[in-house]
Colleague: 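Below is one structure. I have some questions about it.
Computation of the quantities below employed the complete heavy-atom set of this structure, encompassing side-chain atoms and omitting hydrogens, waters and symmetry-equivalent molecules.
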Amino acid sequence: MGAKADLNNDKVVVAEDRRGLAGITQVSNDQTGCYLEKLFVDTDRIDQGVGKVLYGWSLTAARDFRAKELIVEADPDAAPFYERMGCKRNGQAKSASVPGRILPLYVHTL
């Protein structure tokens, strides 16, 4: 699926502040579940609450899709963040972008 299809079907938002782009998040939903496709925060804005705001928006987007849970394949370094946000570990998943990389899999019940 291309970028245009993502924008037509997924929910995407960017966070900006006085300095410009602060982060982005994307939530998708299909027959297999509701997924946090991405949540990126500019490195200069980490620990400033941007990730928390974007994650909160992602939960609202998942609820708008009428999902019962949000599935997150997390970067291992971001795992503590998702745990603080209320996600529960639910196994692991193969990375779609880095061959051979295993990611922690989380579920956030809505």
Colleague: Filter on salt bridge (Lys or Arg N to Asp or Glu O under 4.0 Å), then keep only pairs touching residues 20-32, sequence neighbours left out; what's left?
Modeller: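 Every candidate salt bridge (Lys or Arg N to Asp or Glu O under 4.0 Å) pair involving residues 20-32 fails, so no pair, neighbours aside, qualifies.
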Colleague: Do the side chains of V107 and K88 get nearer than 4.5 Å, heavy atoms only?
Modeller: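 They are not in side-chain contact.
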Colleague: Only distances under 3.5 Å count here; give the side-chain donor-acceptor pairs of residues 92-99 to other protein atoms, sequence neighbours excluded, each with its distance to 0.1 Å.
Modeller:
{"from": "S95", "atom 1": "OG", "to": "S97", "atom 2": "N", "distance (Å)": "3.2"}
{"from": "S95", "atom 1": "OG", "to": "S97", "atom 2": "OG", "distance (Å)": "3.4"}
{"from": "S95", "atom 1": "OG", "to": "V98", "atom 2": "N", "distance (Å)": "3.0"}

Colleague: Under the ring-ring contact (aromatic ring centres under 6.0 Å, His included) definition, can you give me all pairs with a residue in residues 56-75, not counting sequence neighbours?
Modeller: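 Checked against ring-ring contact (aromatic ring centres under 6.0 Å, His included) - neighbours excluded - no pair reaches residues 56-75.
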Colleague: Could you pull out all residues at least two apart from R19 that satisfy salt bridge (Lys or Arg N to Asp or Glu O under 4.0 Å)?
Modeller: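 Salt bridge (Lys or Arg N to Asp or Glu O under 4.0 Å) list for R19, sorted by chain: D17.
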Colleague: Which pairs, with at least one residue in residues 51-70 and sequence neighbours excluded, count as a salt bridge (Lys or Arg N to Asp or Glu O under 4.0 Å)?
Modeller: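 Non-adjacent pairs meeting salt bridge (Lys or Arg N to Asp or Glu O under 4.0 Å): zero.
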Colleague: Are I24 and L70 connected, step by step, through hydrophobic side chains (Ile, Leu, Val, Met, Phe, Trp, Tyr) whose heavy atoms are closer than 4.5 Å?
Modeller: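 No; tracing contacts between hydrophobic side chains, which count when under 4.5 Å, never links both residues.
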Colleague: Could you state whether V50 and L39 fall into the same hydrophobic cluster, counting links through intermediate Ile, Leu, Val, Met, Phe, Trp or Tyr residues with side-chain heavy atoms under 4.5 angstrom apart?
Modeller: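 Cluster IDs for V50 and L39 match.
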Colleague: Drop me the distance from F81's CZ to I46's CD1, to the nearest 0.5 angstrom.
Modeller: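 Those atoms lie 10.0 Å apart.
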Colleague: Which pairs with one or both residues in residues 100-110 pass side chain to side chain donor-acceptor pair (under 3.5 Å), sequence neighbours excluded?
Modeller: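 Counting only pairs at least two positions apart or across chains, the side chain to side chain donor-acceptor pair (under 3.5 Å) contacts touching residues 100-110 are Y55-H108, D75-R101, E83-Y106.
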Colleague: Among all residues two or more places apart in sequence or in another chain, which pass the side-chain hydrogen bond (donor to acceptor under 3.5 Å, both in side chains) test with D42?
Modeller: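 side-chain hydrogen bond (donor to acceptor under 3.5 Å, both in side chains) check on D42 returns R45.
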Colleague: So which residues get pulled into L105's cluster when ILVMFWY side chains under 4.5 Å apart are joined, directly or through others?
Modeller: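 Grouped by the 4.5 Å side-chain rule, Y35, I71 form the rest of the cluster around L105.
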Colleague: Is there a chain of hydrophobic side chains (I, L, V, M, F, W, Y, each step under 4.5 Å between heavy atoms) that links V13 to L110?
Modeller: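 Yes, it is one cluster - the side chains of V13 and L110 are joined through contacts under 4.5 Å.
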Colleague: Using the side-chain hydrogen bond (donor to acceptor under 3.5 Å, both in side chains) criterion, which residues pair with E37? Sequence neighbours excluded.
Modeller: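 Testing E37 for side-chain hydrogen bond (donor to acceptor under 3.5 Å, both in side chains), a comparison that skips the adjacent residues, returns S28.
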Colleague: Kindly give the cluster partners of V53, where membership spreads through any ILVMFWY side chain lying under 4.5 Å from a current member.
Modeller: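 ILVMFWY cluster around V53 holds nothing else.
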